[in-house]
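Accompanying notes for the structure given below.
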Amino acid sequence: MKQILARDMGITVGEFPTGPRNAITDVDGVAVGHVTLDTPEFKTGVTALLPCGENPFFHKLPAASFVLNGFGKTQGLVQVDELGTLETPIALTGTLNVGMVHHGLVSYMVERCAREGFDLRSVNPVVCECNDGTLSHIAARPVTEAHVLQAIAQAGADFAQGDVGAGKGMICHGLKGGIGSASRLMELGGGAYTLGVLALTNHGRTADLTIQGRLVGPALLERMAEESGPDLGSCILILATDLPLDARQLGRVIRRLSVGLARLGSFIGQGSGEVFLGFSTANPFDPRDKSPLRSGILFSDDALDLPFRAAAECAEEAVLNSMFAAHTVTGWQGKTVRSLSALWPVL
C-alpha cells in the first residue's frame with residue numbers, strides 16, 4: 001500500500017526540485033533500513049542509515065553535528081566534531097535503547113573490518129535518540145544487537161516513512177510522528193548535486209503547528225477535543241549531500257535545518273532535544289593512506305546560500321512526511337495518538 005506523504009495532500013514545500021525518491025537516499029550511496037517492534041507493550045525500533053556503500057571506517061566522510069537544544073542522549077558527536085569525519089553507519093532509536101544500539105554498531109564494524117583483514121580496536125559509532133516512552137514500555141529496553149544488524153542488512157534506497165523503525169513510538173506536534181525524509185536537487189558550476197534529510201520527529205505543540213504559512217494547530221485541537229501539551233521529546237535531523245562541503249561548511253549548512261522546524265511552528269522547547277548531523281559523500285579519505293597531504297575539491301562559501309535554502313526546505317518537508325505517513329497508534333498504557341493524514345484537511 002502506497003504511503004501518504006505531504007505532496008499527496010497537495011502540500012509543496014519550497015522552490016527546488018526534488019530527487020526521484022524525494023528522500024535522503026537520492027544522494028548516491030546512502031541507504032536506510034528499519035526494524036520495527038510493534039506489540040501491545042512495545043512501539044519502538046531502530047533505523048539505520050548507511051552513508052556509503054563502502055566500509056565507512058576506510059571511507060571516512062566529512063561530517064559535522066550541531067546541538068540546537070541539548071536535552072538528548074546521543075553518542076559519538078564529540079569525535080565527529082573534533083575530527084570532522086564520520087566512520088560508521090548512523091543509528092536512530094528510543095532513548096533507553098541507545099546503549100544496546102551502540103553495542104550493535106560496534107559489532108557490525110568489528111565484523112566488517114575483520115572481513116577486510118583489519119583488527120578494529122577503536123571506532124566511533126553515532127547513535128541518536130528520541131523518547132518514545134509515552135507509547136512504548138521504554139524501561140524494558142527491547143531493542144537488541146540483532147535488531148541493529150537486521151536494520152543494517154536490509155537497508156536500501158527505498159524505505160518506509162512514518163511510524164516505522166525508530167519512529168514507531170514518536171509523537172510530533174501532538175500527533176503521530178516518526179521517520180520522514182525529503183531531498184532537493186541543485187545546479188552549481190555546471191554540475192548537478194543532491195541534498196537530502198532524514199528526520200526522526202518527536203517534538204512540538206499541536207497549538208503551534210503551521211503548514212504552508214497557515215496556523216492549523218488550533219483547528220486540529222478543536223477537532224480532536226484536546227488541549228495542547230508542552231514542546232517535549234526531541235527531533236533528530238540527518239543531512240546528506242554530494243556537494244564537496246568540508247566539516248566547517250557542513251556545520252553551517254545543518255544549522256539551517258532549524259529554519260524548517262521554525263516554519264512548522266516549533267520554538268524548540270526546554271525539554272526538547274534538537275540534534276542535527278550532516279555528512280558529505282564527496283572527498284572521502286582512507287586512513288590507511290599515511291600521506292601528510294590530501295587532495296580534494298573545495299567548495300566556495302559564496303555559493304552556500306543554495307544548500308542553506310535546500311536544507312531548510314528538506315527539513316520542513318521531512319517533518320511533514322513523518323506525520324502524514326504515520327498511522328494512528330495506541331500505546332502500551334492506552335494512549336492513542338492520531339495521524340495527521342486522518343484529520344486532513346483542517347482549514
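These numbers come from the heavy atoms of this one structure, side chains and all, not from hydrogens, waters or symmetry mates.
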Open item on the list: Using side-chain heavy atoms (C-beta onward) and a distance below 4.5 Å, is S181 in contact with I24?
Closed with: yes
TODO: Return yes if some donor-acceptor pair links the side-chain N/O of S258 with the main-chain N/O of R255 below 3.5 Å, else return no.
DONE: yes
- [ ] Indicate if L195 and L261 have the same hydrophobic cluster label, given that clusters are the connected sets of ILVMFWY residues with side-chain heavy-atom separations under 4.5 angstrom.
- [x] yes
Task: Close side-chain approach of T281 to V27, heavy-atom, < 4.5 Å - done: yes
- [ ] For residues I238 and I236, determine if any side-chain heavy atom of one lies less than 4.5 Å from a side-chain heavy atom of the other.
- [x] yes
Task: Gap separating the CE atom of M323 from the CG atom of L343, nearest 0.5 angstrom - done: 9.5 Å
Open item on the list: Counting C-beta onward and ignoring hydrogens, is there a side-chain heavy-atom pair between I90 and F279 closer than 4.5 Å?
Closed with: yes
Open item on the list: Strictly below 4.0 Å, N to O, side chains only: are D38 and K43 in salt-bridge contact?
Closed with: yes
- [ ] Under the side-chain contact (heavy atoms from CB on, under 4.5 Å) rule, what do L304 and L245 come out as? Steps first, then yes or no, please.
- [x] CA-CA 9 Å; L304 279 172; L245 304 177; 4.0 Å; yes
Task: Joint hydrophobic cluster, F276 plus L243, side-chain heavy atoms closer than 4.5 Å - done: yes
Open item on the list: Has W332 got a side-chain atom pairing as donor or acceptor with P40's backbone, closer than 3.5 angstrom?
Closed with: no
TODO: Kindly check if the number of other-residue, nucleotide or ligand heavy atoms within 6.0 Å of CZ (R7) is above 12?
DONE: yes
- [ ] Mind jotting down which residue pairs meet the salt bridge (Lys or Arg N to Asp or Glu O under 4.0 Å) criterion with at least one end in residues 57-86? Sequence neighbours excluded, please.
- [x] K60-E87
Open item on the list: So, applying side-chain contact (heavy atoms from CB on, under 4.5 Å) with V216, which one of T210, I211, L221 is it?
Closed with: I211
Task: Q75 (side chain) donor-acceptor with H102 (main chain) under 3.5 angstrom - done: no
Task: N/O donor-acceptor pair under 3.5 Å between S291 side chain and L293 backbone - done: yes
TODO: Could you list the residues that satisfy ring pair (Phe, Tyr, Trp, His ring centres under 6.0 Å) with F58, not counting sequence neighbours?
DONE: F118
Open item on the list: Going by salt bridge (Lys or Arg N to Asp or Glu O under 4.0 Å), name the pairs with one or both residues in residues 260-281, residues two or more places apart or in two chains.
Closed with: R263-E316
Task: Flag side-chain contact, heavy atom, 4.5 Å: M224 against R338 - done: yes
Task: Nearest heavy-atom neighbours spanning A151 and V46 - done: CB-CG1, 4.0 Å
TODO: Output yes when a side-chain donor or acceptor of N202 lies under 3.5 Å from a complementary backbone atom of I171, and no otherwise.
DONE: yes
Open item on the list: For R248, is there an ion pair with D301 - N to carboxylate O distance below 4.0 angstrom?
Closed with: yes
Task: Straight-line distance of T134 OG1 to M170 CE, nearest 0.5 Å - done: 10.0 Å
TODO: Please round to the nearest 0.5 Å and tell me the distance separating atom CG of L340 and atom CG of L220.
DONE: 6.5 Å
Task: Partner residues of T88 under the side chain to side chain contact (heavy atoms under 4.5 Å, CB included) criterion, sequence neighbours left out - done: M109, V123, P125
Task: D28 CG: over 12 foreign heavy atoms closer than 6.0 Å - done: no
Task: Derivation and outcome, side-chain hydrogen bond (donor to acceptor under 3.5 Å, both in side chains), residues T44 and S136 - done: CA-CA 6 Å; T44 191; S136 189; 4.8 Å; no
Task: Considering all heavy atoms, the nearest L320-A6 contact - done: CB-CB, 4.1 Å
Open item on the list: Could you report the tightest heavy-atom contact between A64 and L250, atom names first, then the distance?
Closed with: CB-CB, 4.0 Å
- [ ] Give a yes or no answer on whether the side chain of Q249 reaches the backbone of F299 with a donor-acceptor pair at less than 3.5 Å.
- [x] yes
TODO: Please determine if D163 and K168 form a salt bridge, counting it only when a charged side-chain N lies under 4.0 Å from a carboxylate O.
DONE: yes
Open item on the list: Tell me whether T25 contacts the main-chain N or O of D158 through its side chain, where contact means a donor paired with an acceptor under 3.5 Å.
Closed with: no
Open item on the list: Please determine whether side-chain contact (heavy atoms from CB on, under 4.5 Å) holds for the pair V30 and L50, giving the CA-CA distance in whole Å, both sets of side-chain angles, and the decisive distance to 0.1 Å.
Closed with: CA-CA 6 Å; V30 176; L50 279 61; over 6 Å; no
Task: side-chain contact (heavy atoms from CB on, under 4.5 Å) assessment of H203 paired with S234 - done: CA-CA 5 Å; H203 66 285; S234 302; over 6 Å; no
Open item on the list: Grouping I, L, V, M, F, W and Y whenever their side-chain heavy atoms are under 4.5 Å apart, do I11 and V197 come out in a common cluster?
Closed with: yes
Open item on the list: Is any side-chain heavy atom of L239 closer than 4.5 Å to one of L257?
Closed with: yes
TODO: Verify, without hydrogens or angle tests, whether H173 (side chain) and R205 (backbone) share a donor-acceptor contact under 3.5 angstrom.
DONE: yes
TODO: Working to the nearest 0.5 Å, report the span between CD of Q3 and CD of Q161.
DONE: 5.0 Å
Open item on the list: Do E15 and R309 have side chains that approach each other closer than 4.5 Å (heavy atoms only, starting at C-beta)?
Closed with: yes
Open item on the list: Tell me the closest heavy-atom pair linking N69 and Q270, and the distance in Å.
Closed with: ND2-O, 3.2 Å
TODO: Say whether L105 and V126 are linked into one hydrophobic cluster, either directly or through other cluster members, by side-chain heavy-atom distances under 4.5 angstrom.
DONE: no
- [ ] Applying side-chain contact (heavy atoms from CB on, under 4.5 Å), run through L49 and L92 and close with a yes or a no.
- [x] CA-CA 8 Å; L49 185 151; L92 309 175; over 6 Å; no
Open item on the list: Restricting to non-hydrogen atoms, name the atom on G165 and the atom on H34 that form the minimum distance, rounded to 0.1 Å.
Closed with: CA-CB, 3.8 Å
Open item on the list: To check you understand the geometry: which heavy-atom pair defines the closest contact between L209 and L175, and what is its length?
Closed with: CD2-CD1, 4.3 Å
Task: D242 side chain vs T194 backbone, donor-acceptor pair below 3.5 Å - done: yes
TODO: Hey, can you tell me if W344 and F324 have their rings parallel, tilted or perpendicular (30° and 60° cut-offs)?
DONE: perpendicular
Task: All pairs passing salt bridge (Lys or Arg N to Asp or Glu O under 4.0 Å) where residues 121-131 contributes a residue, at least two apart - done: D119-R121
- [ ] Please check if Y108 and V110 belong to a single hydrophobic cluster, counting links between Ile, Leu, Val, Met, Phe, Trp and Tyr side chain heavy atoms closer than 4.5 Å.
- [x] yes
Task: 4.5 Å side-chain heavy-atom contact, L83 and N124 - done: no
Task: T74 side-chain N/O to C128 backbone N/O, donor-acceptor pair under 3.5 Å - done: no
Open item on the list: Rounded to the nearest 0.5 Å, what separates atom CZ in F42 from atom CG in L135?
Closed with: 13.5 Å
- [ ] State the OG-CG distance between S183 and L185, to the nearest 0.5 angstrom.
- [x] 6.0 Å
Open item on the list: Going by salt bridge (Lys or Arg N to Asp or Glu O under 4.0 Å), name the pairs with one or both residues in residues 179-196, residues two or more places apart or in two chains.
Closed with: R184-E313, R184-E317
